[in-house]
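Down below is the structure, laid out as structure tokens.
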There are 2 protein chains.
Amino acid sequence: MEQKPAKASRKPRADSARNRELLLQAAREVFSAGGPGASLEGVARKAGVGIGTLYRHFPTRDALFEAVYRGDIDRLADLAEQLSKEAGPVEALRLWLREGVEVVATKKGMMATLALATDGKQDLFAYSHQRLTAAATALLSRAVEAGEIRDDITPEDLLRALVGLCHAPDRPGWRTSVARLVDVLVDGLKRGNG
Amino acid sequence: MEQKPAKASRKPRADSARNRELLLQAAREVFSAGGPGASLEGVARKAGVGIGTLYRHFPTRDALFEAVYRGDIDRLADLAEQLSKEAGPVEALRLWLREGVEVVATKKGMMATLALATDGKQDLFAYSHQRLTAAATALLSRAVEAGEIRDDITPEDLLRALVGLCHAPDRPGWRTSVARLVDVLVDGLKRGNG
DNA sequence: TTGCAAAGCGGAGGGTGCCTCCGTATAGTA
DNA sequence: TACTATACGGAGGCACCCTCCGCTTTGCAA
């Protein structure tokens, strides 16, 4: 029942690793500027690499998104944990949502990633989805157990709201508008408003 | 200072009007199924009309959206007026948002239209934007004047929330999730939750 | 070092969609 | 019926998507 031939596989090639980095860097820039619809050929051009190379490293557009923004997802998930220790249950929720908004604000491409990560269907985003869901679950259940918010809101609801509110982060007054809405939403979560 | 030559202009051609209708019908179907990214060439094909004809009638994708969904926008705006008479201030808000969600649920293409109409920048959507903003303003200010909700929420905030919550109307449990969030939002609007 | 094959490169090519332009067809009018 | 304003339609130029495969580079072993 041997798992793998384990063929003493040779060291990964240096040019491959280098190109991968070049692509990630280029994608970061292109996506941040141009949003989720940005051209992959543009990314390859900017990286100074053939389009074929891009597709070999990242077989789909989503794979590239995943690779580019996984770090941000992780940071957001970690933040939830930290806030659970440092802030009251409701305040932690509020601050977490605000930070989520803030992250998106600086990276248009992040929106698409967040949306995909929120969607459980994509195998590719299973990891990100799991991390975000766990973060949302933790924040919500803590507040529920403290008896401070209603108990019928799912983590999916919270993520949906986060992603939804972040759409169109270009419009004048976006930040303040979304900040208000986050407040409204969090207030609405509190017990005894029904 | 004659405004126009008023050249006893000839009657508009029958084929033109017919094709316009064919295009609208085809667009309705294609957009409803395929969302905002659906192919315009596909619309033309489905209408049995050349692509040039499509572009002559609707110079941009947005113009087509506008024409297809203006009726829905109007209906939504009218509903706000009606609800103002038939329901309490806060309840009217809640019901209006719910209806907005419902309209989008059945028409993917509507999402894009709503988003565009919410955005003031598009001259093309000036009418729709104005109608929706007026509707939101009426509902909000009525509730504010009744002292039932906070007074720092703008019509733009409300529309942003509506559009935002309606994203990704495909996911399982979408309806109930959004329904919950609308409730949370409206609860959060109420006075005395800060 | 050298030779070799695995691993990786890159861009041509076929497909789709966007939008414009203009020769051709046709509906209204005289 | 003839004439012309009006409308039609699709070819053409562009950009992008993604695949495929001949060529290059790299790591490794002799």
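Just the heavy atoms: all of them, side chains too, but no hydrogens, waters or symmetry mates, feed the values below. We name chains A, B, ... by the order of the sequence lines, and we start the count at 1 in each one.
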Give Pro59(B) one of three labels, base, sugar-phosphate or nothing, depending on what nucleic acid heavy atoms sit under 4.0 Å from its own.
nothing

Using a heavy-atom cut-off of 4.0 Å across all strands, would you classify Arg20(A) as base, sugar-phosphate, or nothing?
nothing

For Asp15(B) and for Leu40(A), locate the closest nucleotide of DNA chain D by heavy-atom distance; then report the residue assigned to the nucleotide nearer the 5' terminus.
Asp15(B)

Hey, does Arg56(A) reach any base, or is it just sugar-phosphate, or nothing, if we go heavy atoms under 4.0 Å?
base

Of all the choices, dC17(D), dC18(C), dC8(D), which nucleotide is nearest to the side chain of His57(B) once you look at every atom?
dC8(D)

Atom-to-atom span, CD1 of Ile51(B) to P of dA11(D) - whole angstrom
13 Å

Value for CD1 (Ile153(A)) from CG (Leu158(A)), rounded to nearest 0.5 Å, stands at 8.5 Å

Ignoring backbone atoms, test whether Ser39(B) places a side-chain nitrogen or oxygen under 4.0 Å from the OP1 or OP2 oxygen of dT16(C).
no

For DNA chain C, whose closest nucleotide is more 5', that of Tyr55(B) or that of Ala14(B)?
Tyr55(B)

Are any of Arg10(B)'s side-chain N or O atoms less than 4.0 Å away from OP1 or OP2 of dA27(C)?
no

Between atom CG in Leu54(A) and atom C1' in dC18(D), what is the gap in whole Å?
11 Å

Grab the CZ-P distance between Arg13(A) and dC28(D) for me, whole Å please.
11 Å

Which part of the nucleic acid, if any, lies within reach of Arg45(A) when heavy atoms closer than 4.0 Å are counted: base, sugar-phosphate only, or nothing?
sugar-phosphate

Assign Thr53(B) to base, sugar-phosphate, or nothing according to its heavy-atom contacts below 4.0 angstrom with the strands shown.
base

Expressed as a whole number of angstroms, how long is the span from Leu22(A):CG to dG10(C):P?
10 Å

Taking all non-hydrogen atoms of both residues into account, name the closest pair between Leu22(A) and Ala47(A) and its distance.
O-CB, 3.7 Å

In whole Å, what is the span from the CD atom of Glu21(B) to the P atom of dC8(D)?
13 Å

Can you tell me if the side-chain N/O atoms of Asn19(A) get under 4.0 Å from OP1 or OP2 in dC9(C)?
yes

Taking every non-hydrogen atom, the tightest pair across Trp174(B) and His167(B):
NE1-O, 3.5 Å

Rounded to the nearest 0.5 Å, what separation is found between the CG atom of Leu24(A) and the CD atom of Glu29(A)?
11.5 Å

Which nucleotide, dA6(C), dG10(C), dC19(C), lies nearest any side-chain atom of Glu41(B)?
dC19(C)

Could you state the atom-to-atom distance from CG of Leu64(B) to P of dG17(C) in whole Å?
15 Å

Which comes earlier along DNA chain D counting from the 5' end, the contact point of Ala38(A) or that of Arg18(A), where each point is its nearest nucleotide?
Ala38(A)

Which part of the nucleic acid, if any, lies within reach of Ala44(A) when heavy atoms closer than 4.0 Å are counted: base, sugar-phosphate only, or nothing?
nothing

Stepwise salt bridge (Lys or Arg N to Asp or Glu O under 4.0 Å) check, Arg175(A) with Glu102(A):
CA-CA 8 Å; Arg175(A) 293 260 193 126; Glu102(A) 217 45 41; 2.4 Å; yes

